[in-house]
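Predicted model, so just to flag it, every value in this text is computed and none were measured.
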Amino acid sequence: MARPDLVRGVEAVLFAATEPMSAQDIAEHLGGEDVTPALRELEAHYKGRGIELVRRGQHWHFQTAADLASLLRREREEVRRLSRAATECLAIVAYHEPVSRAEIESIRGVQTAKGTLDVLMEAGWIRAAGRREVPGRPVIYATTPAFLTHFGLQSRRDLPGLAELRAAGLLDPVEEAMERAMGEREAGRDDAGDDGNIGRTDPNARTAALDNDGESA
Amino acid sequence: MARPDLVRGVEAVLFAATEPMSAQDIAEHLGGEDVTPALRELEAHYKGRGIELVRRGQHWHFQTAADLASLLRREREEVRRLSRAATECLAIVAYHEPVSRAEIESIRGVQTAKGTLDVLMEAGWIRAAGRREVPGRPVIYATTPAFLTHFGLQSRRDLPGLAELRAAGLLDPVEEAMERAMGEREAGRDDAGDDGNIGRTDPNARTAALDNDGESA
Amino acid sequence: MNDTPSPAPLLSEAGWDAQAPADAEDAARLYIELDNWEGPLDLLLDLARRQKVDLRTISILELTDQYLEYIDTAGALKLELAADYLVMAAWLAYLKSALLLPKAEQEDPSPEELALRLQLRLQRLAAMREAAARLMARDRLGRDNFLRGAPEGLRVMKRKAWQCEWFDIVHAYGQVKARTAPVVHMVKDRAVMTLESALSRVSAMLGVAIDWMELRQFLPPHADPQLRRSALASSFAAALELAKQGKADLRQDTAFGPLRLRSAER
């Protein structure tokens, strides 16, 4: 049985140490006394606790119990809205799957950054579904079951067709929608004087902003 | 009695942490469970050992026992000594908080160099805590959780001699003490006249303020 | 607190003491080294402590004498004194004379009040001085207690949860389709006045007009702004065409002024 004050001393020295220490290193802090019994006692004391005293070769150190390692990591969800570019890509994959990146670009009429598709894959909504057997063998993409689940769809056929989109006004050309919005803004300005249009600019501002960072996902 | 695995978990998390943690911080690593009983149990378990579990304000951390300092000190950088001016400023902020620079200067009877408060802020012991709603809206200062941690205080109530100083009225402004003293003198002179208790109303307001944020720091 | 003041440390940086404060020095030098004190109040407190009596019962008169004596000593040694020490000296000299005056001639505030105020200030400074010393003497982290030397650290992993709704997809698809649809589609339902219709409209109206008419008067009065813009352009082109054909006269008095026309066949 080691002297209690020696055990306490060894415990404190090892706790404050920045590196694993040999029995001799520790002893130097404790007036050269033999610390081996104290180390054995501490090793037994900490067995099964959240902290354990371990020996690696000649060196001793405290560490958190290996089975609790998962507690030391904590996941935090960061909710982020999908960018407009990514939303468009997702829509195109959903309506046209399987599609290659070149095909997505030709439908969107703009280049698509690699990162945009990566985001969709990270979200678990699209996956690489093989390669198209044409020159260059491009990767083709398709939606995943998680996509259907997230958007509450039984199948891709549940997505509204072009006729339905048109009926809902969703196929109105962007420019016209813009002009309508601009017209409203003009009207708003006339009605309410100089400051009257704060807040009425939203549709445009939002569209513009989305367009600008559309590709940065 | 806290569940053994919860105690182990709290022990491991606090042991691995680089900063003092609140019960809530710890709970987030442990599925949101109430860790207070586990903390109490650990606090008792470590009492008298070479390492102790302590609470400073709302935060908990492990540290080596103070009586073993001599075993550990030799390789460590000495804590830098504060100048007398800085020491006094710190004490004034701690015992009077929140307090403006003008109030500090009126107690010390000397101007405070700009650098003095900066040093205390850089050390992380005091912080600007808003402005006093009087003409000029001076910045007021208060101590931080790191102050409690560094000086080993569970809360501001543990400040040495706080209760005695308060009881002796030594934390009240000179004006208040003057009025009280003059009042007593008057009272003594003409047998407790009407004005005898001028100035006895104020101290409470101030004391209450001190009590309130004692724990929230 | 020590009864004797510690020697003035050299300030290495604002607020922090230089590592090794000089040890006890010549007492005589201490006596006159005003740098040792943090201002006149501090010097007064130090003098008061030498009286070795409770601050509540201190003799302000005696303290005043001691302070003035100090200042005189410093003056005799030709030491530069900071202004606030001299201000305090002057104020104390006044206080002393007032305290010695017969009561009847006293002004308001009375010298007793002034003396009491000074006493209260000294008490407060002494209290904080002592509190500071007790605070500094506590077990301090990094000096008396030590944190773990090599903590593993806690990690927070951020996981992005992407948010997108059914409508966003459908809407986005509509936008893509609309954006990339043939241009013809977009012109089709735009309200325009063709050159042909403008020509017939302008020439018909010119036929019945009596005098010069401004171009704008030929525009359909109740058309929406978009159609009016188109009509203005077409009517202008029509007016030029009619003038070229010799069917109309054009007149514009100033640059950008109103364009007027009338029938050439009068």
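- Contact annotation: the side chain of C:Y94 never approaches that of C:P111 to less than 4.5 Å [non-hydrogen atoms, C-beta and beyond].
- At a threshold of 4.0 Å, the pair C:D42-B:R108 does not count as salt-bridged, since none of the basic side-chain nitrogens sits closer than that to a carboxylate oxygen.
- For chain C, the option among B:E28, B:E52, B:Q111, B:H61 with the highest count of heavy-atom pairs below 4.5 Å is B:H61.
- In this structure, chain C has no heavy atom under 4.5 Å from any part of B:I51.
- Heavy-atom distances place no part of B:D25 under 4.5 Å from chain C, backbone and side chain included.
- For a residue to count as touching a neighbouring chain, one of its non-hydrogen atoms must lie under 4.5 Å from one of that chain's; by this rule C:R117 touches chain B with backbone and side chain alike.
- Contact of B:I92 with chain C is made through backbone and side chain together, with heavy-atom distances under 4.5 Å.
- Ranked by heavy-atom pairs under 4.5 Å with chain C, the first of B:G169, B:A16, B:A177, B:A17 is B:A16.
- Proximity to chain B is absent for every atom of C:Q119, based on heavy atoms less than 4.5 angstrom apart.
- Side chain of C:Y67 to main chain of C:M88: no donor-acceptor pair is present (N/O by atom type, distance under 3.5 Å, no hydrogens or angles).
- Between B:F147 and B:F151, the ring-plane angle classifies as tilted under the 30° and 60° cut-offs.
- Between B:H150 and B:W125, the two ring planes are tilted [angle within 30° to 60°].
- For a residue to count as touching a neighbouring chain, one of its non-hydrogen atoms must lie under 4.5 Å from one of that chain's; by this rule B:V54 does not touch chain C.
- Proximity to chain C is absent for every atom of B:E19, based on heavy atoms less than 4.5 angstrom apart.
- With a 4.5 Å cut-off on non-hydrogen atoms, B:A168 does not touch chain C at all.
- Proximity of the aromatic rings of B:F62 and B:Y46 is defined here by a centroid distance below 6.0 angstrom, and this criterion is met.
- Contacts with chain C were tallied for B:L159, B:L153, B:T149; B:L153 has the most, counting heavy-atom pairs under 4.5 Å.
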